[in-house]
Amino acid sequence: MHTRKEELAAIKMLTARSEFLIVQGKGKKWVSHGLILQMRPNDLGHIRTGYTVTKKIDKSAVKRNRIKRRLRSVAADVLPHYALDGHDYILVGRKLSATRSYDTLVDDLKWCLRRSGFSRIQEK
RNA sequence: CGAAGAAAUCGGGUGGCCGCUAUAUGUCUUAGGAUGUGUAGAGGAAAGUCCGGGCUUCACGGAAAAACGACGCCGGAUAACGUCCGGGGAGGGGGCAACCCCUUACGGCCAGUGCUGCAGAAAAUAAACUACCUCUCUUUAUCUUCGGAUGGGGAGGGGAAAAGGUGAGAAGGUGCGGUAAGAGCGCACCGCGAAUUCGGUAACGGAUUUGGCAUGGUAAACCCCGUCGGAAGCAAAACCAAAUAGGAGCUGCAUGUUACUUCGGUAACAGGUGUUUUUCGCACUGUAGCUCGGGUAGGUUGCUUGAGGUAUCUGGUAACAGAUAUCCUAGAUGAAUGGUCACCCCUGAUUUAUCAGGACAGAACCCGGCUUAUAGAUUUCUUCGACAU
RNA sequence: CGGAGCGUAGCGCAGUCUGGUAGCGCACUCGCCUGGGGGGCGAGGGGGCGGAGGUUCAAAUCCUCUCGUUCCGA
């Protein structure tokens, strides 16, 4: 279930710190073992994503980078198929994000989307 | 062959699927991009930010001094350094010795000032005390040939700096002589200082002569001497530049009076606007359009060809330098260089076929070093042990 | 990225500049006052200078390296 390039191109990045704070402050939040998902509707009509991995999780820059790359990969696999258009999504890394198996991490993100009601496909 | 140490090099590999950044090129295109293909894409420490430079801006007439900071045996290397190389001294270890190995912030406390607790008789111009030797006076015990002799106590004068459960350190050490007792007072050896001389570019080392003990320690205490240093840093800096507010100029429209006038205007007052309304008071000087400069968000440049790498030769003990040939090797900006699966390799565990693990760690303007973290592999050298000869 | 500071008893701090005894408050233990609690008074204990190395006779203090933590500027 890999994502094609045209679908990925529709997802923009969140960059400004103020936009992150708005999503964190006013959006919805759902926590799983592998990651934390924060989301909020925007007026742009397309999906935007951002990633947060703080120094609290691990002191090593190598491990933080690895967590961020895995989250980016998981989001690229899942979001184009399951996420709603016109929403901002922020994925926050946790300690388990580095060691958890990839399939479990994908399930974590789907579960967060479904439980928070921001999923396009309502699975059984 | 094994163990230890030192130095150097490397620091997992191959393939499938899906992605990221840069760049070259083809196609499409609504000219902003979309898409196909090729190529390249983290380190020895990228880290800590501890030093030294390049580069940029600011300051500055040149130079020097003061102040502050860093450094500090000698010679060399280098763009420079607190780095590196070679040498010297000192300390430690091994060895019978010759000698070998390791470490080293290693200028100056006879320029000045400070500190040196406790203990100890005394802690820095050496001098008081106990003890020692001697002289004088006095007192007393014993003996007595009645002259005195010997011993003890007390007071005073002098000698000497040898003894005194301390301490990190006690004003040269050990031995012999010498003396009333003693003392470098004299001598020998050792240590130290000075002079001469020899070797060395020098640090320094050797020899001879001589002095007669002088300079306790501490400068990672203030300080003195010598050398070096303008400051801040790519989030530096340069360029392009929206919206809003404010500034300057021009033009059009909107009022009057007076004064000056180079006849363009300028100034004052009235007027106008704001302060809820009126008076007073206070503040400001209209409106529309265009242009200009400063400059914020944002963007571009800086941004990777450089004191560059590799190979060979030459010079040098070496650090390193020179010549020739050859190569181009990351440039991101919520920040790319990956995610996932399979096989191989290595390590460990046992169920001998499985399971678990594969270090330290992620470029941010670029170089030269230092320091710290680091599983494992390979090569060379030194020492020791075993085997063979 | 750049800059500054702080690690001392269970907790909050002084002592560091100018090197020799590590101390203060709260907390803790015991005793007394009270019928008990709270509170008060008196007495007492415990151990601690973030870590490693160096200078010194001697280091919490001076020097070097390192670990942790807090704050500031853009």
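Residue numbering restarts at 1 for every chain, and letters A, B, ... go by the order of the sequence lines.
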B/U329 and B/G322: how far apart are their P atoms, nearest whole angstrom? 26 Å
Rounded distance in Å between the P positions of B/G334 and B/U324: 47 Å
Which whole number of Å gives the distance between the C1' atom of B/U166 and that of B/U130? 16 Å
Picking from B/U340, B/G334, B/G362, which would you name as closest to the side chain of A/Asn65? B/G362
To the nearest 0.5 Å, how far apart are CG in A/Asp77 and NZ in A/Lys110? 9.0 Å
Between B/A70 and B/G75, how far apart are the P atoms? Round to whole Å, please. 25 Å
To the nearest 0.5 Å, tell me how far A/Leu79 CG sits from A/Leu113 CG. 6.5 Å
Ignoring hydrogens and angles, are the base of B/G338 and the side chain of A/Ser73 linked by a donor-acceptor pair under 3.5 Å? no
In dot-bracket form, 5' to 3', how is RNA chain C paired? Count Watson-Crick and G-U wobble pairs only if both distances fall under 3.5 Å, and write | where the partner sits on another strand. (((((((..((((......[..)))).((((((.....)))))).....(((((..]....)))))))))))).
If you only use heavy atoms from C-beta on, which nucleotide in B/U337, B/A361, B/U340 is closest to the side chain of A/Arg66? B/U340
Do A/Val92 and A/Val53 come within less than 4.5 Å of each other through their side chains, counting heavy atoms only? no
Roughly how many Å apart are B/G12 and B/U103, using the C1' atom of each and rounding to a whole number? 39 Å
Whole-angstrom distance between B/U113 and B/C132, as gauged at atom C1': 42 Å
